[in-house]
Number of protein chains: 2
Amino acid sequence: MPVRKASVSAKDVAARAGVSRAAVSRTFTPGASVSEETRSKVIAAAEALGYQVNQLARGLISRKTGIVAVVGADLATPYRSELLRALTERLQAVGRVAILINTDRSDRSVDMALQTAIRYRAEAAIVLSGMPDKSISDLCHRNGLRLVLINRDDAHSGSIQIRLNDAEAARLALTSFLRAGCRTLAVATSNAGTPSLVAREEGFLAEAHRSGLSVTCERFGPTGYESGLALGERLLVLPERPDAIFCTTDLIACGVMDAARHRFSLSIPDNLSVIGFDDIPQASWDSYQLTTFRQPIEEIASSAVDWLAEEEGDGEVRVIHLTAPMSWRQSVRGGNGK
Amino acid sequence: MPVRKASVSAKDVAARAGVSRAAVSRTFTPGASVSEETRSKVIAAAEALGYQVNQLARGLISRKTGIVAVVGADLATPYRSELLRALTERLQAVGRVAILINTDRSDRSVDMALQTAIRYRAEAAIVLSGMPDKSISDLCHRNGLRLVLINRDDAHSGSIQIRLNDAEAARLALTSFLRAGCRTLAVATSNAGTPSLVAREEGFLAEAHRSGLSVTCERFGPTGYESGLALGERLLVLPERPDAIFCTTDLIACGVMDAARHRFSLSIPDNLSVIGFDDIPQASWDSYQLTTFRQPIEEIASSAVDWLAEEEGDGEVRVIHLTAPMSWRQSVRGGNGK
DNA sequence: TTGTAAGCGTTATCAG
DNA sequence: CTGATAACGCTTACAA
């Protein structure tokens with residue numbers, strides 16, 4: 001018994017249809033010239049054999065692999081997973097396929113991820129965490145891998161950068177607290193130190209400073225619910241107990257709220273106002289009804305994907321600014337802020 | 001100015017290092033025989049040029065693309081995204097790369113996803129939702145695409161199937177309610193009709209029947225929090241208000257709990273006991289403390305990935321049974337069930 | 001419109 | 001150990 005071939009190729013189809021391999025290729029290349037007769041013979045043979053064009057071979061020659069890498073850490077987190085979904089959906093819609101590469105928080109692992117992307121000749125990599133080293137970013141450039149950096153610090157040539165109005169949003173959070181009559185302000189954040197997180201923290205602090213207010217700022221652990229719990233416990237035990245906490249992330253906000261309610265028997269927003277960031281699904285759950293800033297997920301995804309479809313840029317780095325609108329719910333005293 | 005090459009190839013490296021292309025290839029092939037001298041010349045040249053092996057070309061000839069497709073719907077959902085993370089992490093650990101293909105709930109879209117997987121010559125596809133049509137499953141077989149079906153109905157040849165003890169768990173849920181003194185039982189589920197969901201529902205119903213109890217079973221909408229909310233509102237308005245609700249999913253359970261607490265002012269577990277399924281992160285949040293069944297995510301992922309590493313099976317379909325252990329928290333009257 | 005032939009970047013085979 | 005040379009499955013001039 002002969003060794004079974006791993007998959008059916010254009011040659012097989014050509015043989016069965018009684019045409020040349022080129023004819024088969026043309027049949028599956030949009031806008032190539034094939035007679036209706038040949039085409040239907042080919043289609044029939046392909047169907048019978050179960051032929052599928054080999055994209056790898058096609059990509060080898062056309063340089064259009066259709067592969068886009070999505071690189072990031074904590075991809076199972078509510079906001080991240082939602083962004084991932086939006087990204088991959090849109091990628092599929094324009095005939096691309098996403099390869100998913102998990103990283104830990106180290107920049108080193110991002111570098112390795114990008115190398116993987118290059119090895120698979122991805123057309124682009126969308127980076128959600130960490131910051132590629134300059135040398136790696138060069139490597140990508142030399143290998144024709146375009147970079148999309150989402151909420152990262154600064155990009156090198158030939159890449160696009162998508163950023164949010166983090167600082168501005170933070171300022172709005174502060175004025176909202178003030179308008180609600182809160183006077184003892186605090187910030188709860190993780191110590192991940194990612195650009196967006198520090199922008200939010202610093203934006204809040206700066207605006208408070210401008211208003212002559214002092215804010216206690218607590219940093220703890222990774223960015224997640226558990227850290228929020230811990231942050232709540234630290235903040236709410238203070239002699240000057242805060243009556244408003246700006247959390248740099250909804251996950252942290254949920255933790256803070258739960259700590260306040262279940263461990264300090266505080267009621268929200270009567271005893272404590274909370275504002276988060278991201279607008280994850282849980283923020284709108286009955287138990288939280290968290291006032292927060294909505295990540296413009298679809299806009300982020302479409303900006304990224306549209307850019308890929310565009311002409312190859314000429315080396316300049318493009319920056320797209322998107323805004324996270326405030327989503328008013330019930331966690332700030334005094335209702336809808338109007 | 002000459003047209004810039006899209007990426008640096010082994011030929012470039014060979015030229016710079018003053019060796020043959022074959023030498024370059026060997027340098028990057030584990031366990032090939034190259035002298036230390038050539039190797040270091042090659043490495044140096046590769047480094048200088050920023051060379052990365054082209055996996056597409058490598059896969060073309062070796063038939064080992066290293067690509068594995070992960071196919072599923074609702075991948076941004078807590079349980080799904082966690083499974084996705086576990087899967088991709090493990091895949092990376094064994095040198096594979098995951099391509100992610102979103103589907104909607106239709107079987108048709110699963111079929112299309114599998115065709116994409118074939119076109120990229122994935123070594124395997126891990127299917128999380130929907131059920132590939134027999135003809136497609138054949139197509140996969142003919143193209144050497146191995147199938148891993150997670151919680152799907154039944155597999156065809158050459159594939160592996162991973163299943164959970166859904167029915168058994170459901171029975172355990174019922175006896176737990178009984179032991180807690182609950183008498184008016186209900187099931188809350190979506191009308192997605194996926195195999196695991198119906199297995200849980202039917203398992204619960206069957207056991208109730210065996211005990212001579214009648215159970216009201218409510219089905220509504222897609223599988224998610226909002227549906228849980230709606231289900232809670234339907235169930236808790238009944239003349240014989242349930243004192244125990246088995247939810248086929250944690251997301252539904254969270255919705256049911258929120259409806260009970262915030263819309264009917266019921267307290268859990270005093271007025272109502274709830275059991276869920278999946279053990280998503282939110283189940284352990286202070287606001288829920290939901291008793292549930294833990295999806296053995298890591299075990300699922302490792303079973304799937306280990307199978308890929310194994311010898312090519314000889315056409316028989318393998319079934320792996322995993323168990324979801326009960327995770328006791330505070331949503332059932334009478335504490336930890338012991 | 002069609003077939004032939006030359007690549008694309010690798011690895012595998014086979015002499016040297 | 002090394003270098004030609006032939007695949008791998010495909011697209012794309014170039015001729016016919």
Side-chain angles (χ1 to χ4, degrees), chain A residues 3-42 45-46 49-67 118-123 142-144, chain B residues 3-42 45-46 49-67 118-123 142-144:
Chain A
V3 188
R4 241 165 109 12
K5 292 189 49 172
S7 62
V8 14
S9 78
K11 185 159 59 175
D12 304 330
V13 177
R16 185 184 235 260
V19 298
S20 71
R21 277 176 259 128
V24 177
S25 177
R26 282 192 269 260
T27 302
F28 291 101
T29 305
S33 64
V34 222
S35 68
E36 204 40 63
E37 191 195 340
T38 330
R39 153 170 264 112
S40 59
K41 275 195 297 188
V42 170
L49 260 31
Y51 170 71
Q52 296 286 133
V53 176
N54 184 334
Q55 285 285 20
L56 271 40
R58 178 178 270 181
L60 195 55
I61 181 160
S62 71
R63 266 111 211 298
K64 317 225 71 185
T65 58
I67 296 178
I118 293 175
R119 282 199 295 272
Y120 281 94
R121 294 303 185 264
E123 298 174 10
R142 259 184 302 184
N143 282 281
Chain B
V3 189
R4 242 166 111 7
K5 292 189 46 172
S7 63
V8 14
S9 78
K11 184 158 59 173
D12 304 330
V13 177
R16 185 184 237 260
V19 298
S20 70
R21 278 174 261 129
V24 178
S25 176
R26 281 193 272 261
T27 303
F28 292 101
T29 306
S33 63
V34 220
S35 69
E36 205 39 64
E37 192 194 340
T38 334
R39 153 170 264 112
S40 59
K41 273 194 298 187
V42 170
L49 261 29
Y51 170 70
Q52 295 286 134
V53 176
N54 185 334
Q55 285 284 20
L56 272 40
R58 178 180 271 179
L60 195 55
I61 182 160
S62 72
R63 266 109 210 301
K64 317 223 71 186
T65 59
I67 296 177
I118 293 176
R119 282 198 295 272
Y120 281 93
R121 293 305 185 265
E123 298 174 10
R142 259 186 300 184
N143 281 282

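Below, all heavy atoms of this structure are taken into account, side chains as well, without hydrogens, waters or symmetry copies.
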- Give A:Ala22 one of three labels, base, sugar-phosphate or nothing, depending on what nucleic acid heavy atoms sit under 4.0 Å from its own. base
- Query: Hey, what do you get for OH (A:Tyr51) to OG (A:Ser9), rounding to the nearest 0.5 Å?
  - Reply: 7.0 Å
- Task: With the side chain of A:Asn54 defined as its heavy atoms from C-beta on, choose the nearest nucleotide among D:dT12, D:dG3, D:dG9.
- Result: D:dG9
- Tightest non-hydrogen contact, residues A:Thr29 and A:Arg58, listed as OG1-NH2, 4.3 Å
- Task: Verify side chain to side chain contact (heavy atoms under 4.5 Å, CB included) between B:Ile67 and B:Arg121, making sure each step is shown before the conclusion.
- Result: CA-CA 7 Å; B:Ile67 296 177; B:Arg121 293 305 185 265; over 6 Å; no
- Within the structure shown, what part of the strands sits under 4.0 Å from B:Ser62 by heavy-atom distance: base, sugar-phosphate, or nothing? nothing
- Taking D:dT2, C:dT2, D:dC10 as options, the one with an atom nearest any side-chain atom of A:Arg58 is D:dC10
- Nearest listed nucleotide, side chain of A:Ser33, among C:dT1, C:dG3, C:dT11: C:dT1
- Query: When we call it a touch if two heavy atoms are under 4.0 Å apart, what does B:Ala10 touch: a base, just sugar-phosphate, or nothing?
  - Reply: sugar-phosphate
- Query: Tell me: CZ of B:Arg121 to P of C:dG9, nearest whole Å?
  - Reply: 20 Å
- Item | Base of D:dG3 paired with side chain of B:Arg26 (donor-acceptor, under 3.5 Å) | yes
- Figure out the CD1/C1' separation between A:Ile61 and D:dG9, and round it to whole Å. 10 Å
- Query: Between atom NZ in A:Lys64 and atom C1' in D:dG9, what is the gap in whole Å?
  - Reply: 20 Å
- When all nucleic acid strands are considered with a 4.0 Å heavy-atom cut-off, which category describes A:Arg39: base, sugar-phosphate, or nothing? nothing
- B:Arg63 side chain: which of C:dT10, D:dC8, C:dC8 is closest? D:dC8
- Atom-to-atom span, CD of B:Glu37 to C1' of D:dG3 - whole angstrom: 16 Å
- Query: Across the strands shown, which category fits A:Val34 at heavy-atom distances under 4.0 angstrom: base, sugar-phosphate, nothing?
  - Reply: sugar-phosphate
- Message: Checking contacts here: which listed nucleotide (D:dG9, C:dC8, D:dA4) is nearest the side-chain heavy atoms of B:Ser20?
- Response: D:dA4
- Item | Heavy-atom neighbours of B:Arg119 CZ exceed 12 at 6.0 Å | yes
- Does B:Thr27 use its side chain to pair, donor to acceptor, with the backbone of B:Val42 at less than 3.5 Å? no
- Would you mind classifying the nucleic acid contact of B:Tyr51 as base, sugar-phosphate or nothing, using non-hydrogen atoms under 4.0 angstrom? sugar-phosphate
